[in-house]
Participant: 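Structure below; questions to follow.
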Amino acid sequence: IGLLMIALAGPILWLATSFLAPEAGAAAALADYFDYRIWSAPFSLINYALLGWFYGRASAKTGMVLQLLLHGIDIVLSIWFVHGLGWGVPGAAIGTVIAQLVAAGVGLFLLLRHYDGLAAVLRHIAPGELLDAVAIQRMLGLSRDLMIRSAALMGAYAWFAAQGSRMGEVALSANAVLLNLLMVLAFFLDGIAQAAEQLTGKAVGANWRPAFDQAYRLSFLWGLVLTLVLGLAWYLGGPFIIGLMTTNAEVQAYALTYLPIAALCTVTFMPAFVYDGILIGTTLNTTMRNGMVVSLVVFLAAALALQPALGNWGLWAAMHCWFLARGLIYWWALERHKAGLFTTPTVAAE
């Protein structure tokens with residue numbers, strides 16, 4: 001898929017530019033970044049697969065170290081290439097490509113070491129397992145649903161960016177700053193989601209409902225604590241953090257104006273994150289896919305209704321509608337499926 005993305009780089013860039021409709025300066029920067037960044041596509045997907053494998057084995061620490069390695073290299077190289085060497089926007093893209101390549105190489109090395117080398121991996125996997133039609137169909141079905149879910153997720157963020165672009169470069173930049181801050185905070189909640197994924201998956205695999213209920217309850221309890229702390233920290237530290245992310249006075253002022261409604265997202269998107277983990281852990285992939293698609297429709301309807309009247313306030317309000325819709329849909333669907341996740345053990349006759 002990554003190689004296909006590289007082969008279709010031209011049409012992808014054209015579609016993105018047509019959809020976002022950026023002003024001339026932003027369009028040029030987008031093209032400069034994209035032309036280099038697209039080469040990381042295969043390594044990015046490998047890193048996603050590796051991260052899933054480590055998390056699935058409850059090796060969250062290894063996954064975390066790989067992510068720290070990836071982002072640490074990305075940060076250092078981007079600063080060096082952009083500011084030290086003066087490469088500008090392409091420098092940021094090149095730094096990311098190198099970071100993705102290094103992280104993929106280290107992750108594959110750790111995977112092969114776990115199985116005592118490539119030869120051992122090839123000996124370990126029987127040909128029948130590789131050609132097991134039922135297993136392949138189940139894996140591809142799960143991957144398909146997750147990709148549809150991810151496409152809907154990115155579609156919502158792309159629409160958000162496109163509407164910001166249509167309000168001008170200042171609005172586009174300020175919304176990007178606030179959205180990036182939200183994504184940073186999302187990494188913390190993603191830890192709760194990953195824990196929920198592993199614990200609920202183990203509970204379902206063991207057919208033990210009490211363990212599932214406890215994991216469900218604790219995931220939301222700690223998710224609530226974390227989201228309130230992070231949201232308050234973001235709101236109070238917003239002026240300082242925004243000042244670190246952009247030196248443009250207009251962008252800073254615009255971002256500070258919408259900081260309150262953006263910081264509130266930490267509360268409204270928490271349930272969706274936790275439910276994502278639970279639904280993946282219980283392999284309710286179809287439920288998660290359908291919920292994401294329906295919530296995307298809710299988001300688009302809210303944006304079309306609220307943005308013309310309220311401008312950027314309406315766009316952020318639509319974002320809240322999207323998060324809340326995801327959480328409510330997932331809650332309703334999981335309540336319907338919860339009983340079917342566990343079978344009642346039969347008692348042998350004496």
Side-chain angles (χ1 to χ4, degrees), residues 2 5 26 28-52 54-55 59-110 150 153-154 157 161 172-194 226 229-231 233-234 236-249 251-252 255-256 259 262-263 265-266 273:
M5 290 173 67
L30 171 62
D32 286 342
Y33 185 84
F34 180 89
D35 288 340
Y36 290 94
R37 181 71 164 82
I38 190 64
W39 290 97
S40 71
F43 311 118
S44 297
L45 295 180
I46 287 172
N47 283 322
Y48 278 124
L50 287 169
L51 192 62
F54 285 118
Y55 281 156
S59 299
K61 184 179 294 184
T62 304
M64 180 192 70
V65 170
L66 282 174
Q67 289 297 295
L68 289 174
L69 175 68
L70 190 159
H71 294 295
I73 293 174
D74 191 0
I75 290 169
V76 172
L77 291 183
S78 294
I79 293 174
W80 180 33
F81 292 160
V82 174
H83 297 288
L85 301 180
W87 289 0
V89 172
I94 295 171
T96 302
V97 173
I98 295 175
Q100 292 282 358
L101 172 60
V102 172
V106 173
L108 288 172
F109 169 78
L110 293 175
S150 296
L153 178 72
M154 297 309 299
Y157 287 127
L172 172 64
S173 301
N175 282 350
V177 167
L178 293 172
L179 200 58
N180 275 316
L181 283 172
L182 185 62
M183 292 302 101
V184 170
L185 299 182
F187 290 138
F188 291 90
L189 279 178
D190 208 31
I192 301 292
Q194 294 291 348
L226 190 60
V229 172
L230 291 175
W234 183 15
L236 296 177
F240 173 74
I241 300 172
I242 291 170
L244 289 177
M245 296 186 69
T246 176
T247 57
N248 186 291
V251 175
Q252 289 178 353
L256 286 173
L259 175 62
C265 286
T266 58
F273 264 80

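Quick caveat, the model's predicted, so the values are computed rather than measured. The first residue of the sequence shown is numbered 1, and numbering continues consecutively from there.
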Participant: Shortest non-hydrogen contact from G238 to L259?
Facilitator: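 Distance-wise, the nearest heavy atoms are CA-CD2, 3.8 Å.
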Participant: Using side-chain contact (heavy atoms from CB on, under 4.5 Å) as the criterion, list what pairs up with A186, not counting sequence neighbours.
Facilitator: F269, F273
Participant: What pair of heavy atoms forms the shortest contact from A161 to L172, and how long is it?
Facilitator: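 It is O-CD1, 3.6 Å.
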Participant: Under 3.5 Å, which donor-acceptor pairs link side chains of residues 29-37 to any protein atom two or more places apart or in another chain?
Facilitator:
| residue | atom | partner | partner atom | Å |
| --- | --- | --- | --- | --- |
| Y33 | OH | R37 | NE | 3.2 |
| R37 | NH1 | S40 | OG | 2.5 |

Participant: State, with a plain yes or no, whether a side-chain heavy atom of L182 is found less than 4.5 Å away from one of L178.
Facilitator: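 L182 vs L178: side chains apart.
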Participant: Any side-chain to backbone donor/acceptor pair from T96 onto A92? Under 3.5 Å, distance only.
Facilitator: yes
Participant: Run the numbers on L189 and L226 for side-chain contact (heavy atoms from CB on, under 4.5 Å), then give the verdict.
Facilitator: CA-CA 7 Å; L189 279 178; L226 190 60; 4.1 Å; yes
Participant: Measure the spacing between CD1 of I98 and CG of L101 and express it to the nearest 0.5 Å.
Facilitator: 8.0 Å
Participant: List the residues meeting ring pair (Phe, Tyr, Trp, His ring centres under 6.0 Å) with Y48, not counting sequence neighbours, and say none if there are none.
Facilitator: none
Participant: Could you pull out all residues at least two apart from S150 that satisfy side-chain hydrogen bond (donor to acceptor under 3.5 Å, both in side chains)?
Facilitator: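 So S150 forms no side-chain hydrogen bond (donor to acceptor under 3.5 Å, both in side chains) with any residue.
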Participant: Measuring from atom CD of Q252 to atom CD1 of I242, what distance do you get when rounded to the nearest 0.5 angstrom?
Facilitator: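 Taking CD in Q252 and CD1 in I242, the distance rounds to 8.0 Å.
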Participant: My understanding is that only residues two or more places apart in sequence, or in another chain, count here; which of them pass side-chain hydrogen bond (donor to acceptor under 3.5 Å, both in side chains) with T62?
Facilitator: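 So T62 forms no side-chain hydrogen bond (donor to acceptor under 3.5 Å, both in side chains) with any residue.
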Participant: Is the count of non-hydrogen atoms from other residues, nucleotides or ligands lying under 6.0 Å from M5 atom CE greater than 12?
Facilitator: no
Participant: Considering all heavy atoms of both residues, which atom of A174 and which atom of A255 are nearest to each other, and what is their separation?
Facilitator: CB-N, 3.7 Å
Participant: Just to verify, what does V106 make a side-chain contact (heavy atoms from CB on, under 4.5 Å) with, not counting sequence neighbours?
Facilitator: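 V106 satisfies side-chain contact (heavy atoms from CB on, under 4.5 Å) with L66, L69, V102, L110 once adjacent residues are dropped.
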Participant: With rounding to the nearest 0.5 angstrom, report the OG to CG distance, S59 to L51.
Facilitator: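 Interatomic distance, S59 OG to L51 CG, rounded to 0.5 Å: 11.0 Å.
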Participant: Quick one: pull up CG in L181 and SG in C265 and give me the separation to the nearest 0.5 Å.
Facilitator: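 Atom-to-atom, L181:CG and C265:SG are 11.5 Å apart.
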Participant: To the nearest 0.5 Å, what is the distance between CD on Q67 and CZ on F54?
Facilitator: 11.0 Å
Participant: Taking all atoms of both residues into account, what is the closest heavy-atom pair of M183 and Y157, and its distance?
Facilitator: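 Scanning both residues completely, I find the closest heavy atoms to be CE-OH, 3.4 Å.
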Participant: Can you tell me how far CG of L68 sits from NZ of K61, rounded to the nearest 0.5 angstrom?
Facilitator: 12.0 Å
Participant: Among all residues two or more places apart in sequence or in another chain, which pass the side-chain contact (heavy atoms from CB on, under 4.5 Å) test with I46?
Facilitator: L50, A104, L108
Participant: Name all pairs fulfilling the side-chain hydrogen bond (donor to acceptor under 3.5 Å, both in side chains) condition that reach into residues 173-182, sequence neighbours left out, sorted by first residue then second.
Facilitator: N175-N312, N175-W316
Participant: Tell me the closest heavy-atom pair linking G2 and A41, and the distance in Å.
Facilitator: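 Nearest pair, atom of G2 first, then A41: O-CB, 3.8 Å.
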Participant: Who pairs with L85 by side-chain contact (heavy atoms from CB on, under 4.5 Å), at least two apart in sequence or on another chain?
Facilitator: W80, F81, W87
